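Reviewing the structure listed below.
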Amino acid sequence: QELEEARRWEGARDVRPLDGNVRRWGGLLLPNNPPYNAGAFRFEVTFSPSHPLEPPRATLRTPIYHPSVDAEGRVCQPLTTRAHWEPTTRAIQVLQDLLLQLDSPDPQRVLRPDVARELQERPGEFRRRAEEHTRLHAEPRPD
């Protein structure tokens, strides 16, 4: 049921279980705002065997120049920390929160301090680098 809800959401495409495993979903996120809206970003969400008592883990498989996403694709996503997780939170909310983070880089949610500093101190340079990174690494947006 949650998978069907995620499949119908306009912020992502191609949401499906990976390798037939219903605890691992993959798909493409479609950011709305520059500098990321020129591409699509492959994501993976992994649910623990204790879900929904434990939060899922979202990672980006497409490299992105973003202060809240590290080189391995881990995302600084407070919603999915044990301190903030609520068992009533739906998978679609995790994906919506992830997209919101991509659309609105926050220098307070930091996994890459150098990128966060650049965003704050030299926003034009940050945007130029993020656009170039998106051009090089993101997948074409589906119609």
Side-chain angles (χ1 to χ4, degrees), residues 1-123 126-127 129-143:
Q1 188 176 2
E2 287 196 65
L3 180 60
E4 287 308 313
E5 185 177 31
R7 284 180 167 154
R8 288 191 306 271
W9 178 51
E10 71 280 353
R13 293 289 181 284
D14 193 30
V15 180
R16 59 186 159 63
L18 297 175
D19 304 321
N21 183 349
V22 294
R23 294 196 192 285
R24 280 183 61 223
W25 296 0
L28 286 172
L29 273 181
L30 307 175
N32 298 299
N33 301 333
Y36 308 109
N37 64 339
F41 295 82
R42 196 145 299 277
F43 70 87
E44 187 174 313
V45 177
T46 306
F47 300 91
S48 89
S50 303
H51 184 76
L53 300 177
E54 290 183 13
R57 185 180 72 245
T59 52
L60 282 183
R61 293 298 176 213
T62 305
I64 188 169
Y65 192 79
H66 195 288
S68 302
V69 183
D70 72 12
E72 283 78 48
R74 290 183 297 246
V75 181
C76 177
Q77 192 175 17
L79 176 69
T80 60
T81 61
R82 291 192 194 283
H84 293 96
W85 181 252
E86 296 289 335
T88 55
T89 305
R90 300 183 59 75
I92 188 79
Q93 291 171 281
V94 173
L95 293 176
Q96 289 167 337
D97 182 65
L98 181 58
L99 184 62
L100 182 64
Q101 270 193 262
L102 294 188
D103 278 338
S104 308
D106 182 351
Q108 304 307 311
R109 291 181 171 182
V110 177
L111 287 178
R112 295 177 65 188
D114 55 325
V115 176
R117 195 172 321 104
E118 184 178 72
L119 173 60
Q120 285 185 299
E121 296 172 5
R122 298 184 314 284
F126 165 80
R127 185 178 175 127
R129 287 185 189 201
E131 285 172 349
E132 176 70 4
H133 210 80
T134 298
R135 190 181 65 71
L136 290 173
H137 299 286
E139 296 185 27
R141 289 175 75 93
D143 292 334

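Residue numbers count from 1 along this sequence. Just so it is clear, the structure is predicted and the values come from calculations on it, not from any experiment.
Here the closest non-hydrogen pair linking Ser68 and Leu111 is O-CD1, 3.5 Å. Between Leu102 and Pro31 the shortest heavy-atom distance is CD1-CG, 4.2 Å. Residues Ala58 and Leu98 approach most closely at CB-CD2, 4.2 Å, considering heavy atoms. In this structure, Thr80 and Trp85 approach most closely via the heavy-atom pair CA-CE3, 4.3 Å. Counting all heavy atoms, side chain and backbone alike, Ala40 lies closest to Pro140 at CB-O, 3.9 Å. Of all heavy-atom pairs between Ala6 and Leu95, the closest is CB-CD1, 3.9 Å.
In this structure, the ring pair (Phe, Tyr, Trp, His ring centres under 6.0 Å) partners of Phe126, at least two apart in sequence or on a different chain, are Tyr65. Considering only residues two or more places apart in sequence or on other chains, Arg13 meets the side chain to side chain donor-acceptor pair (under 3.5 Å) condition with none of them. Scored by the ring pair (Phe, Tyr, Trp, His ring centres under 6.0 Å) test, His137 finds His133 as partners (sequence neighbours excluded). Taking the side chain to side chain donor-acceptor pair (under 3.5 Å) definition, one finds that Asn32 meets it with Asp103, sequence neighbours left out. Among residues two or more places apart in sequence or in another chain, the side chain to side chain donor-acceptor pair (under 3.5 Å) test is passed with Ser48 by Glu54. By the salt bridge (Lys or Arg N to Asp or Glu O under 4.0 Å) test, Arg57 is found to be paired with no residue, residues two or more places apart in sequence or in another chain being considered. Here His84 pairs with Thr81 under the side chain to side chain donor-acceptor pair (under 3.5 Å) rule; sequence neighbours left out. With sequence neighbours left out, Phe43 forms a ring pair (Phe, Tyr, Trp, His ring centres under 6.0 Å) with no residue at all.
Pairs of residues two or more places apart, or lying in two chains, that qualify as salt bridge (charged side-chain N to carboxylate O under 4.0 Å, His left out) and include a residue from residues 27-50 are Asp14-Arg42, Arg24-Glu44, Arg42-Glu139, Glu44-Arg61. For residues 104-114, every residue pair satisfying the side-chain hydrogen bond (donor to acceptor under 3.5 Å, both in side chains) rule, not counting sequence neighbours, is listed here: Gln101-Arg109. Note on residues 89-101: pairs passing salt bridge (charged side-chain N to carboxylate O under 4.0 Å, His left out), not counting sequence neighbours, are Glu5-Arg90. Within the structure, ring pair (Phe, Tyr, Trp, His ring centres under 6.0 Å) pairs that include any residue of residues 100-121 do not occur (at least two apart or interchain).
Taken to the nearest 0.5 Å, the CD1 atom of Ile64 stands 4.0 Å off from the CZ atom of Phe41. In this structure, the separation between CG on Leu100 and CG on Asn33 is 9.0 Å, given to the nearest 0.5 Å. Atoms CD and CG, on Glu72 and Leu60 in that order, are 12.5 Å from each other to the nearest 0.5 Å. How far CG of Leu119 is from NE2 of His66: 8.5 Å, rounded to the nearest 0.5 Å. Rounded to the nearest 0.5 Å, atoms CZ (Arg141) and CG (Asn37) are 6.0 Å apart.
No side-chain heavy atom of Glu2 sits under 4.5 Å from any side-chain heavy atom of Phe47. Contact annotation: the side chain of Trp25 never approaches that of Val94 to less than 4.5 Å [non-hydrogen atoms, C-beta and beyond]. Looking at Thr46 and Pro56, their side chains never come closer than 4.5 Å, going by heavy atoms from C-beta outward. In this structure the side chain of Leu3 never reaches within 4.5 angstrom of the side chain of Val22, judged on heavy atoms.
Judged by distance alone, the side chain of Arg7 and the main-chain N or O of Val15 form a donor-acceptor pair under 3.5 Å.
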CA sep, side-chain torsions, deciding dist, call: Glu131, Arg135, salt bridge (charged side-chain N to carboxylate O under 4.0 Å, His left out): CA-CA 6 Å; Glu131 285 172 349; Arg135 190 181 65 71; over 6 Å; no

